[in-house]
Amino acid sequence: MRFSSTKDYIAGDDLTMAVNAAITLQRPLLVKGEPGTGKTELARQIAASLGVPIIEWGIKSTTRAQQGLYEYDAVSRLRDSQLGDARVEDVSNYIRKGKLWQAFEADERVVLLIDEIDKADIEFPNDLLQELDQMRFFVYETGETIRARHRPIVIITSNNEKDLPDAFLRRCFFHYIQFPDMETLKSIVAVHFPDIKPRLLETALTQFFEIRDAPGLKKKPSTSEVLDWLKLLLAEDLSPEDLRRDGASALPKLHGALLKNEQDVHLFERLAFMARRQGR
Amino acid sequence: MFLPFFQALRAHQVPVSPREYLGFLEAVLAGLATYDIDGFYYLARAAMVKDERHLDRFDRAFAASFEGLEAISFDDMVQAMDLPRDWLEKLAEKTLTPEEMAEIQSLGGFDKLMETLKQRLEEQKARHQGGNKWVGTAGTSPFGAYGYNPEGVRIGQDRSRHRRAVKVWDKRQFRDLDGDRELGTRNIKVALKGLRKWARDGAAQELDLDGTIRATAEQGWLDVKTRPERRNAVKVLLLLDIGGSMDDHVQAVEDLFSAARAEFKHMEHFYFHNCLYEFVWRDNARRWTERLPTWDLLRSYGSDWKCIFVGDAAMSPYEIVLPGGANEHWNEEAGQVWLHRARTQWPDNLWINPAPEQHWRYTQSTQMIDQIFEGRMVPMTLYGISRGVKLLG
């Protein structure tokens, strides 16, 4: 099993190496990076490239580690017992399998995506240590041990909102997805919009990198933003000339796709104002 | 074999443990990166670095450990190719199927293979002469080049040439992420997250499932229990030095401020100039008209608030120790009196200093304030703030 760039996803050498190392050595891969650089998409592409199913476990601030293993639905059982339902006798009727369990008992090797692990409580990664390391866990209610039939390929993404515990990090491979440079970004765009006019692309990307480099931006636009923006440009069928900013504003056409908060828009309006004053 | 590299990593303060090192060896043994220095670098990085803050240090350690690799010339490589023939044959016998062996024979046997290989190397050498670095000879593996080893690493085929000219680790692209350097809003947020303390507070709205089950089991009927939601219970009082020598640090302080504001539900901020005196203000434009007595501050915010001063502590020593020492107005009581009062009222206190730590000892007032705060002064770097957050408890 070996991962490489797919026709929908450009992966750098470093990323490919990190993914393959994680697959070969059966360790979880922790992926960090700016929002919008394709962390979640990576897991889906690994699954697509290897031709295996993917199980996605999106983490929220209220998610607990136990939910990934199983949940014991005590309330249903209590209700059933009052109704005299026969299912009550067997406790396993009230055990709901979590994502990790599903991944463990799958018939083939699967990709398990644990998305945005940093959203959860600070103890969350620690609670999953043994389960991810040994790939087995114990169900107290029924007294059985669930073992992985095939060790899943575990991809974990993090937005850096919390530091992850050292013990957890030690068990993972780590990759930091960097923002792509001009060349890589071009090949990424080529994958998504194969028939974009080269001149339009050149102008658009130059403008995009100018925006990204502007000092003091609150939220830098990222890969997913540039793709959205190009989609809009194509939908409006603009030519490179249209894209050139008119004197009145330093904001590029359809900037709403790139700048996501009003402070950044103001910043660019101020820059335009200053540029105009200097020009006079 | 890579122990000196491991030592170098520790020396460059990359937190690697034997566990990572063994994992890395395991990966090398699994044949993930052979004959390919770039791949080797990426593999080592994925296995041993667990935090983007340490990537830059890793790059430096890597450069220091494997510097000699550039010195190996192509002629050396070609010469060296003569040596491992026996080894190569043995390896081939072990790993190749009879059909594949036959195929090699049909190509002219190993001698021929080695010759072609040398030729290829010569060609590569010619092609690469434009570059000044040795990186990128992934194709020199005899097995890789001829495709006999499907396990051999063949990555880097779709990359553009110009990126190979400079070694990846020499570019030091991760310098910005190093924790000791100045920080952006997001980084501060991460540091401040350490201050979060979840507590159940407010109205009971959430269903307490465990409590309900227990109560129901005891009572014999459905007895629904609720409990308050969890909230971040930490309260922060931010006192910011403004104007004068602080002008150099406006951007950094703004970052800290916006990060802190997003992080805490209970956060109050006030400004002072150089040192805390009898008045603070909230709006800098109306600092002379809408002032708030510091006594009110001391009375309104309880001891459970965490008090963070932000200032460069660079001023005349008189501004701290003498009544009337303030440079903008006549103060009845000395600055240090007010600082002590604030420290007594809020035992969880901290002074964050945006000036670089190595400059502190050249400013007398900085040392004085450091003494008043009993060492609870930290620099405004990611590590400084993390350390401060620990001090605040």
Side-chain angles (χ1 to χ4, degrees), chain A residues 2 4-5 10-25 27 29-30 32-35 61-62 72-75 77-79 82 118 121-122 159-164 166-179 181 183-184 186-187 215-216 218-220 263, chain B residues 15-17 19-20 23-24 26-27 30-33 36 38-43 45-52 54-55 150-151 153-160 162-163 168 173-174 177 185-187 189-191 193-194 196 198 207 209-210 212-213 216-217 221-222 230 251 254 258 386:
Chain A
R2 198 156 272 282
S4 57
S5 290
I10 303 286
D13 291 344
D14 44 352
L15 179 57
T16 318
M17 174 57 87
V19 171
N20 282 326
I23 294 176
T24 314
L25 297 185
R27 301 268 179 89
L29 175 66
L30 172 66
K32 283 199 206 171
E34 275 183 47
S61 63
T62 50
Y72 170 44
D73 191 353
V75 172
R77 192 172 184 213
L78 187 66
R79 188 196 56 217
Q82 297 189 328
D118 53 327
D121 191 76
I122 217 136
N159 273 326
N160 234 356
E161 289 194 11
K162 281 191 200 85
D163 281 339
L164 298 172
D166 277 350
F168 181 79
L169 292 175
R170 297 226 185 285
R171 288 168 167 82
C172 302
F173 277 95
F174 169 74
H175 185 74
Y176 183 81
I177 299 189
Q178 265 200 294
F179 190 79
D181 57 10
E183 290 303 315
T184 320
K186 268 187 197 162
S187 53
K218 293 274 183 255
K219 159 80 179 84
K220 286 187 176 180
Q263 285 154 331
Chain B
V16 280
S17 69
R19 188 180 169 114
E20 276 106 352
F24 163 67
E26 209 181 309
L32 279 163
D36 174 12
D38 275 2
F40 178 76
Y41 161 74
Y42 292 139
L43 181 65
R45 200 175 77 186
M48 303 218 254
V49 184
K50 307 288 163 167
D51 195 318
E52 66 272 20
H54 303 135
L55 285 174
E151 295 298 311
V153 176
R154 293 282 299 204
I155 58 166
Q157 309 208 331
D158 61 347
R159 58 156 64 185
S160 47
H162 70 271
R163 275 178 56 182
V168 202
Q173 330 178 41
F174 299 102
L177 302 171
T185 322
R186 268 185 48 72
N187 289 347
K189 274 192 200 174
V190 176
K193 290 257 152 110
R196 289 209 287 207
W198 298 100
L207 175 67
L209 189 54
D210 291 340
T212 305
I213 293 170
T216 305
W221 64 79
L222 260 178
R230 296 201 318 163
Q251 177 69 40
E254 261 180 18
S258 56
S386 309

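Per chain, numbering begins at 1; letters A, B, ... match sequence-line order.
Across every non-hydrogen atom of L43(B) and M17(A), the tightest pair is N-CG, 3.5 Å. Taking every heavy atom of both residues into account, P15(B) and R170(A) meet most closely at O-NH1, 3.7 Å. In this structure, L25(A) and A27(B) approach most closely via the heavy-atom pair CD1-CB, 3.4 Å.
In terms of heavy-atom pairs under 4.5 Å with chain B, the best-connected choice from H175(A), R27(A), Q82(A) is R27(A).
If you measure heavy-atom distances from E26(B) to chain A, the contacts under 4.5 Å come from both the backbone and the side chain. In this structure, chain A has a heavy atom under 4.5 Å from the side chain of T216(B), while its backbone stays farther away. With a 4.5 Å cut-off on non-hydrogen atoms, L78(A) touches chain B through its side chain but not through its backbone. Looking at R79(A), neither its backbone nor its side chain comes within 4.5 Å of chain B, counting heavy atoms on both sides.
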Step-by-step side chain to side chain contact (heavy atoms under 4.5 Å, CB included) determination, D51(B) to K32(A): CA-CA 9 Å; D51(B) 195 318; K32(A) 283 199 206 171; 3.9 Å; yes

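Taking NZ of K50(B) as the start and CG of D166(A) as the end, the distance is 10.5 Å to the nearest 0.5 Å. Atom OH of residue Y72(A) and atom CG of residue L209(B) lie 10.5 Å apart, to the nearest 0.5 angstrom.
At least one side-chain heavy atom of F174(A) sits under 4.5 Å from a side-chain heavy atom of E52(B).
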